[in-house]
Structure formats: C-alpha cells, structure tokens
Amino acid sequence: MKIGDRTLIITGLLTLLITLGSVTIILMKIDGVAGITGFATSNASIGFVNVTILPSVALTLVVDHVNFSSGTIDSVGTAINTSDGDNNGDNPGGFDNPGPFRLRNDGNVYVNVTLNGSTPAIFFGGIAATSDLNYSFATKNISSNELFNDTCGNYDTGAGIDYFHYANSSDTQPFGITMNPNHQMVCPNMSYVTATDEFNVSIFLNITTAVAPDANYTDVVEFFVTSLGHS
C-alpha cells in the first residue's frame, strides 16, 4: 500500500502537536522549567536592616556644689575662688578649696550651655556692688588646669567658625564673668565625644569686711542646656 506525501505531512503535524501538548501539560504539573531536575536554577531576595538613633540631651553636674566653708577676711579685701588652690596655693583666711563645678555631656548631640545666678549685690544680702565685691565665674579646662580656658567643644562648622576655641573671660573682668540673673554663655558648643565632653566652671568671690558683714551667703546657680541639633 502506497502512502502519499500528504498523508505523511499530516501524520507528522499530528505527532508534533501531540508532543508539544504533552510537554506543556508536564511543565504545568512540575511548576514550569524551574521544576525540571538537572537544570541550574537561581533565586534572589532583597532584605533590609534599619535602625534609628534618637537625639538625647543629658548634661550631668559631676560636681554640683561649691562650698568655701568658713574663714576670715581683712579690710583690704580677700579674693577666694575654686581654682586658687590649684594655681596659687590655698585660699586665704582659712577658706576651703572646694573645687569648681564640673559638667559632663552624657547625651549624643552637641549642646549650648548657659548659666545664671544672683548678682554680687543680691548674693551678699542687697549690698551695693563695688570693686571690692565680686561674684563671678569662668570656664576651666580639666586636663590643662588653666583658668579662663577657651575649650568647650570641637565642632568646626566648615564655614571658618571653629567653636573649639571660645573664651568667655574678659580682660576688663579679672575675676571672669560677673554673675547675673539673666542666662549668660558658658559654652556655645559642648562636645559629647569621650575625652572632650567635660569642663569645669570656677567660682570667684572677692569680699571685704567693709561691704560684707559676718553671715552665711548662699546662691543657686542654674545651668541651662539646649540641643544644637547636630552630631
């Protein structure tokens, strides 16, 4: 029996269609080409890690009181301060050397530090201020033990303003900055970085018997801290 070319072509096409249909059904059953064993396959997924550190403002007064205790003064005038014992021997008249206030930035941002206190006249009971009556403060570096130190931070703005060096003392005020009820600058940019996150604030008193009678004098000093919003 002779089979014609047309019959062979039709038979071949039917065979091809049956084969393709079978392969399609198999692939659907095994989840596509990836389900065929023996083929190299790959799969990539992306993950994310995120952490947010919130700004923290925390100033600690490591030394939070200055007590000169008791002593005697003379008519000429007796100058006592919390740093005199470190630089020029003991305070005169038997007054103690209590040491200065010490501040530490325990937060994670740079901060602005100011303080206020009573005027000399108010501190000494309403006596009119004179050149013989002084109540003032000044910053002091811990490591170098220097008065009127100009270190209170280490942030350079990049605009030619380096806050690492800031002097809050004045040549016209030999005892530092006179206390005032209004907040005055102590440090415009206090660092939080270890080894540069502390400094001292020394207290100075100059008194004479002519203006300060025998009594106990005390004052509350407030340190005010503001975040500068940069780290």
Side-chain angles (χ1 to χ4, degrees), residues 50-67 79-88 97-120 122-123 134-206 219-231:
N50 181 69
V51 62
T52 301
I53 300 176
L54 298 175
S56 173
V57 178
L59 183 72
T60 300
L61 270 173
V62 181
V63 178
D64 61 0
H65 66 279
V66 173
N67 183 10
I80 60 177
N81 66 72
T82 60
S83 304
D84 193 73
D86 297 327
N87 295 275
N88 303 308
N97 300 105
F101 290 113
R102 175 168 293 189
L103 289 77
R104 184 178 67 229
N105 186 355
D106 288 323
N108 59 8
V109 293
Y110 288 82
V111 294
N112 175 284
V113 183
T114 61
L115 69 75
N116 73 349
S118 300
T119 63
I122 294 176
F123 178 76
N134 183 269
Y135 171 39
S136 57
F137 71 92
T139 58
K140 179 185 176 186
N141 185 278
I142 294 175
S143 59
S144 61
N145 211 25
E146 296 173 351
L147 290 174
F148 308 121
N149 189 270
D150 60 357
T151 301
C152 68
N154 64 350
Y155 175 73
D156 190 337
T157 65
I161 302 175
D162 185 359
Y163 285 121
F164 188 82
H165 298 290
Y166 172 78
N168 74 346
S169 60
S170 169
D171 292 337
T172 61
Q173 296 176 309
F175 294 102
I177 301 297
T178 300
M179 282 287 187
N180 191 290
N182 298 318
H183 277 271
Q184 301 184 86
M185 182 63 67
V186 176
C187 175
N189 199 81
M190 183 179 183
S191 172
Y192 65 93
V193 181
T194 303
T196 61
D197 61 348
E198 292 188 43
F199 65 86
N200 293 336
V201 176
S202 294
I203 299 298
F204 300 81
L205 297 176
N206 190 51
D219 191 29
V220 175
V221 176
E222 179 184 68
F223 292 91
F224 189 79
V225 184
T226 305
S227 169
L228 293 179
H230 64 82
S231 58

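The residues of the chain are indexed from 1 along the displayed sequence.
The two residues S136 and N134 make their nearest non-hydrogen contact at OG-OD1, 2.8 Å. Closest heavy-atom contact between T114 and M185: CG2-CA, 4.0 Å. Across L59 and M190, no two heavy atoms sit closer than the pair CD1-SD, 3.7 Å. The two residues V109 and P55 have their closest heavy-atom pair at CG1-CB, 3.9 Å.
The SG atom of C187 sits 11.5 Å away from the CZ atom of F223 when rounded to the nearest 0.5 Å. Atom CG of L205 is separated from atom CE of M179 by 9.0 Å, given to the nearest 0.5 angstrom. Expressed to the nearest 0.5 Å, how far CG of L115 lies from CG of N182 amounts to 11.5 Å. Q184 contributes atom CD, which lies 7.5 Å from atom OG1 of T178 (distance to the nearest 0.5 angstrom). If you take CD1 on I80 and CD1 on I203, they are separated by 11.0 Å, rounding to the nearest 0.5 Å. Taking OG from S202 and CZ from F137, the interatomic distance works out to 11.0 Å, rounded to the nearest 0.5 Å.
For the pair F204 and I177, the minimum side-chain heavy-atom distance is 4.5 Å or more. Side-chain atoms of N105 and V111, non-hydrogen and from C-beta on, do get closer than 4.5 Å to each other. V66 has its side chain out of reach of P100: every pair of non-hydrogen atoms, C-beta onward, lies at least 4.5 Å apart.
Partners of D219 by side chain to side chain donor-acceptor pair (under 3.5 Å), not counting sequence neighbours, listed by chain and number: S118, Y135. Checked against side chain to side chain donor-acceptor pair (under 3.5 Å), T60 has the following partners two or more places apart in sequence or in another chain: D106. By the side-chain contact (heavy atoms from CB on, under 4.5 Å) test, V63 pairs with R102, sequence neighbours left out.
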Between N180 and N116, is a side-chain contact (heavy atoms from CB on, under 4.5 Å) present by the stated rule, with each step listed?
CA-CA 6 Å; N180 191 290; N116 73 349; over 6 Å; no
Legend entry - side-chain contact (heavy atoms from CB on, under 4.5 Å) between N112 and N189, intermediate numbers included: CA-CA 5 Å; N112 175 284; N189 199 81; over 6 Å; no
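In this structure a side-chain-to-backbone donor-acceptor pair under 3.5 Å is present from N108 to L54.
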